Structures are given as C-alpha cells and as structure tokens.
Amino acid sequence: MEEGARSCLLLSRSSLEQDIRASYLMDHMISDGVLTGDEEDRIRSKLTRREQATALLELLLRKDNQAYISFYNALVRESYGDLASLLHNSLPLVSPEAEKSFSDGGTRYVQAVLSEGGVPQRPVVFVSRSALVNRVREKLYRLQKEPGWVTVFGMAGSGKSVLAAEAVRDHALITGRCFPGGVHWLSIGQLDRADLLVRIQSLCFRLEQQSQEKDPSSSLHRPPGSLEEAKERLRFLMLRRYPRSLLVLDDIWDSSVLKAFDIQCRVLLTTRDRSLADCVSGSKSEVAVESGLEEDQALEILALYVNGKPQRLPEQARSIVRECKGSPLVVSLIGALLREFPDRWAYYLHTLQQKKFKRIRKSSSYDYDALDQAMAASIQVLSEEHRELYIDLTVLEQDVKVPAKVLSVLWDLELEEVEDVLQDFVNKSLLFRDCHHRPYLYYLHDLQLDFLTEMNRSGLESLHTKVVRQYQQRYSQGPPTSGDEECLYWFRFLTYHMAKANLTQELYSLMFSLDWVRTKAQIMGPAHLINDYVEYGAILDKEFSKLFMVVVCSRNKSSLKSLSRLVVQPHQGSIYSACFSHDGTKIASCGSSKTLRV
Ligand code: ADP
C-alpha cells in the first residue's frame, strides 16, 4: 500500500476502531477479492466487535492499494460516510493516466515497491541520461525469461548507482512480467567476509520480515551464522518467497563477494571492474557508463543548483565542466557550493585549475584530480569549526554508515547540534544521508574518504585516539547495552579505532575484558567476536609475548566455521568450540585461556 494511504489509515485508526463493524465490511472486501475466507475466519474468531475491528485494520495495513480502495467502498456502502470521508483524500491513484501523471517518472506504486526494497531516491538535482537508462532497462527486460546478471560498470563518481536506481524506477519493469517479486537493493562496497555476512543477514531479515507482513503464518528465522548458510538462506528466499525479483548489488569490488550471490537469481550490479561477473555462472550482459556527462547535461546540473537557465550561466561554467570532464560527482559538488555562493564561478574554476593532488593521480588508474580539487574547494568553504569536525570523519571505515549519535559522542555535542552540522555537510554534498533508516545514517562517498585520508595522513593516529578517548569518556561506567545502531557501531569498530590509534595495551585489555566479550557476543553473535581476534591477533602478538587463547562455544557449528584460522571441534556433547591462539595452531601450549559460551 502506498505511503499516503497507509499513513491516513494509521491516523484514522482510533475513529475506525471505535465505530466499524468488521463483519459488515468483510463481505464486500471478499467479493472484491482483497480478503480471503481464512482471513475472515481469523477476524471473526475475535470475541468483541472492537477486537474484530482492530484485527481487520491490522490486516488491511499489510495489504495493497486495492484493499484500501475496497475498504473505502465498503465503508460507503455500509453508510459509514463520515469515516469514509476520513480516507477519501488519500485514495490511491489507480487509473493508468493518473499514474502516469506522477511527476518524477515513477508511479506511487513504483515508489512504494522501491522504497520497500531499499532503492535510493533520486538525487535532489537530477538530469536524465535516457539513452543510458534505456540501455540498462533493455538488458533488464532480458532477465524476464531466465536468471542472469547485468553489470553496470564505470569509474567512481560516474553515476552508476544513480543510473541503476533510475533504471528500476519503471512501472512496466516492476508491474509487468519482469520483476513482480520486487526490487531489493544492497549496498556492498569494500568489505571483508564478516561484514559481508552481516549485510546478507540484514537482507535476509528484511526479506523475511516483509514476507511475514504479507503472510503472518511464515516465521522469522534466526540470522544465518556463516556465509555458506547465508547464501543458502538467500537462495531459498529468492526462489520460494521472491521468485522473479531483482537483486541490485551496488558497488561490488571483489569477485569473492559476488560469488556469495551466485544463487541463480536476477542481479543488477554496479562496479568499477568490468570483468567481475566472469567468476559467476549464468547469462551475463553489461552496460558501460561514460565517466562524464554531455556538456549540456553538466551545465543543466549547474543551472539547477543555482536556479538559473543553462543559457544564462556565466562563461566560467563551461570551463568548469571542461576542467572536470563532466564528472557527475564533481559537477554536483561544485553546484552545491555555488548554491551557497552564487558569485564564486571564477573562484571555483580557479581552484579547480590550481589544485594538484599528484599522489592520487599516481596511485590510481583513474584520473581523480578533478574530484579531489572539487573536494578541497568544498572543504574550504566550511567554517573553521565545521572543517575540524569534518576532518574527524577521516576515521570512518569505507562504506560504513553511522547514526548521528556516534558523532555526538565523538564531537561531544548535543544530538540536535550534531544533526545540524550533518545537515550542513549533506547540503554541501560533502556527506550522504541514507533516508531509508530511522534514525538517519550518514556516510562519505569513498572518494571523499580517500581524499580525507590523504589530506590527514600524518594525523590519523591522533584522530583515532580522539575517538577512543571520547568513547571512554562517554561510557566510563561500561559499554553501551542498548543494541541500537550507535551501540552496534561501538561493538563493531571500537577495536578498529584502538588498533589504528596504536593503543595496543588498551586493545589487549578490551579484547580480554569478559564484560566486553560477553556483551559483544550477546549483541553481535560469535562470528564478529572471533573476527576481532583474527584481525588483531598479529598486533597483540607483536606487543605481548605471552600466548593467549580464546575458546568460543556455540551450538551452531557453522557459525564458527566462517572464520578461516579457527579450529572448530566437538566440545562437550552438542556444543562446538572454536579455539584461536596467537598462531592459530599451538593451542596446547597456551599460557592463559578464557572460555565463553554463546
Ligand atoms: P558511482 O556509483 O559511479 O560512484 P554515483 O551514482 O554514486 O556514482 O554518483 C555520484 C554523484 O554524482 C551522485 O551523488 C550525484 O550527486 C551525481 N550524479 C550522478 N548521476 C547524476 C544524474 N543523473 N543527475 C544528477 N546528478 C548525478
């Protein structure tokens, strides 16, 4: 059901519950085919009129636009005119003409499907690359008959993700015979096996949750414990619960990651590496994304940012586009700056022409110069105070999204103040916001992070130390236990910050504090916990000659198996244990050991 209709139902819920007699309305809804006999029986089994009304509304909220319309018509027919009028303004549009008139190209239905599947919205300033979009759509239509892969490749910042999201924003593709099972978006980026497992876990959770909303008799399973298990779970979900749906894998770097999705489903992937799909089986096709926009389109972006017409832009506009070779990312970064300072055309052109970041040019196969120049210009316009805060973001790991609360700890500022600062960064295209989550999550584009890391190379250790000290100050009484996004961040990344800050003694104490280990195991499961020992074992070994050993026990053998350096063996009946020592083998000669059951 589209957002407006659902919201209206929720707002009118108490009035509806108070008055309606579900048994009168259900007859109409059954004859409209939006309610089944079983569903009616379940509602009728409730004892009181009010309970039946509540159950009907609960069910209705999980249904589609047609159900909303049928319910509205039933209200009218049963003389609940006053209640029907509450729902009238949010009646979904169903006629093809009305649907087509929806302004951004996608119908409300398409928007609802994409939003449910986590597909990002269009950027605020957007130009259509219709030839490219059509090329991707044409490849997607070929997946109608059989599973396969469509690879969208091109350099960083060339607009691959925006293009992929735009290609699926298509009524015919989603409602026709192509992907009636929906579109499910997964942002990947550079990640290790443990992180990949977490991503697939959350995708499985999302799919199971949505499927449970549609069919309450299906159950939610515990998260898969290993990559192999996760792959099988996803295969089952895509085959049985979401047949003929499209999985979009955004920003894939590694073929081993892609193999985890080699489950005979329909996949659209974006990557910089054209050959990535060579490692997977099934039919394949590809679309190349040019690194730059046509001059007209790039000028249109600048014009949209400054609310002007492309023909009226100053002469420097053309030079800026030429200088950055029409890179969509750079043009939008400069555009965002110009929105703040519309008189600075010459200044930004000059800045682009003057800045040189030779190291990145050398170390990369792409020509990132223009981007880095734009980045420097973006940072320069921040106030001194905001610039310092922005530099603190250098410590974020690539592709990690953080809630504002983490930054409120890092910056020691009130949450609202932090949100204001982040809003400023987002407005200036210096930071991205994922609006599909509540609370919002924030992340840097990987090139922005590259740039920050390069700029602050000599200060990295102290920036990470700052994170650790701020955490310690906020959580002096013990680690957070709320299990929310902020808490998860600390459990995932505190060790990472300590390692980067070279705080080995503190890293050692943390990783062998039973309090921390127990809470982390409870909140995140064994795989993440053990991964820390694998990841930082070498650092600890260098510093401490004493051997150590950790034994993690689990009833679920496969959850431990995902970690390559571990020896997993039977341990007390049905419990399995994974032992990790400084070199992964000499477990018998350990000087100390701690055992934890999870
Ligand atoms: P990639 O995935 O290739 O790294 P993105 O798709 O993330 O690149 O695009 C980078 C930035 O470029 C976006 O955040 C947006 O600001 C800008 N951009 C890309 N495509 C368009 C477009 N069609 N219209 C306007 N801006 C765009």
Side-chain angles (χ1 to χ4, degrees), residues 104-106 118-137 150-170 185-190 248-253 268-274 276 286-307 310 320-321 324-339 364-368 370-372 374-375 378 398-399 401 425-435 442-451:
D104 76 350
V119 178
Q121 293 153 334
R122 274 181 181 168
V124 185
V125 166
F126 172 80
V127 294
S128 168
R129 300 167 91 179
S130 38
L132 259 181
V133 170
N134 287 339
R135 232 173 288 154
V136 179
R137 283 186 185 153
V150 177
T151 302
V152 170
F153 68 93
M155 70 168 275
S158 58
K160 300 180 292 292
S161 311
V162 172
L163 176 67
E166 195 55 24
V168 295
R169 199 167 285 123
D170 180 51
W185 184 282
L186 197 60
S187 300
I188 304 280
Q190 280 177 307
V248 188
L249 303 175
D250 185 31
D251 197 18
I252 301 256
W253 287 69
L268 169 63
L269 69 113
T270 75
T271 177
R272 298 178 195 183
D273 181 352
R274 180 179 189 170
L276 213 60
E286 59 181 34
V287 176
V289 182
E290 302 93 46
S291 59
L293 295 164
E294 298 290 327
E295 190 178 70
D296 289 356
Q297 291 177 312
L299 290 174
E300 191 183 336
I301 291 187
L302 290 175
L304 284 166
Y305 269 112
V306 296
N307 288 329
I320 287 177
V321 170
C324 71
K325 304 171 193 82
S327 157
L329 181 57
V330 180
V331 172
S332 1
L333 284 167
I334 300 266
L337 291 166
L338 284 162
R339 180 156 59 187
S364 162
S365 57
Y366 298 127
D367 182 359
Y368 286 158
L371 168 74
D372 294 298
M375 285 294 312
S378 302
Q398 199 135 33
D399 292 305
K401 299 178 179 180
F425 294 164
V426 171
N427 286 346
K428 294 192 165 80
S429 295
L430 280 166
L431 189 69
F432 294 87
R433 178 164 53 206
D434 183 343
C435 297
Y442 297 86
Y443 61 100
L444 287 164
H445 191 284
D446 47 7
L447 290 178
Q448 290 166 327
L449 191 57
D450 280 352
F451 177 77

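Note that ligands are numbered from 1 as they come in the structure, with each ligand's atoms numbered from 1 the same way. Here the structure is a predicted model, which means the values were calculated and not measured.
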Check whether any heavy atom of Gly154 sits under 4.0 Å from an atom of ligand 1.
-> no

Any heavy atom of Leu329 sitting closer than 4.0 Å to ligand 1?
yes

Is there a donor-acceptor pair under 3.5 Å between the side chain of [X] and the backbone N or O of [Y]?
X: Lys160; Y: Val152; value: no
X: Ser187; Y: Asp250; value: no
X: Gln297; Y: Ser128; value: yes

Contact region, Leu163 to ligand 1, non-hydrogen atoms below 4.0 Å, reads neither

Next item on the list: Please indicate whether any nitrogen or oxygen in Val162 is less than 3.5 Å from any nitrogen or oxygen in ligand 1.
Entry: yes

Review point. Under 3.5 Å between some N or O of ligand 1 and some N or O of Gly159?
Key: yes

Crowded around Glu294 CD? As in, over 12 foreign heavy atoms under 6.0 Å?
-> no

Subject >> Arg129 side chain reached by Val289 side chain, heavy atoms, under 4.5 Å >> reply: yes

Residue set satisfying side chain to side chain donor-acceptor pair (under 3.5 Å) with Asp434, at least two apart, ordered chain then number -> Lys401, His437

Among Ser161, Ala336, Ala165, Ser332, closest by heavy atom to atom 15 (C) of ligand 1 is Ser332

Phe126 heavy atoms within 4.0 Å reach ligand 1 at atoms 23 (N), 24 (N), 25 (C)

The atoms of ligand 1 lying under 4.0 Å from a heavy atom of Phe432, numbered in the order shown, are 14 (O)

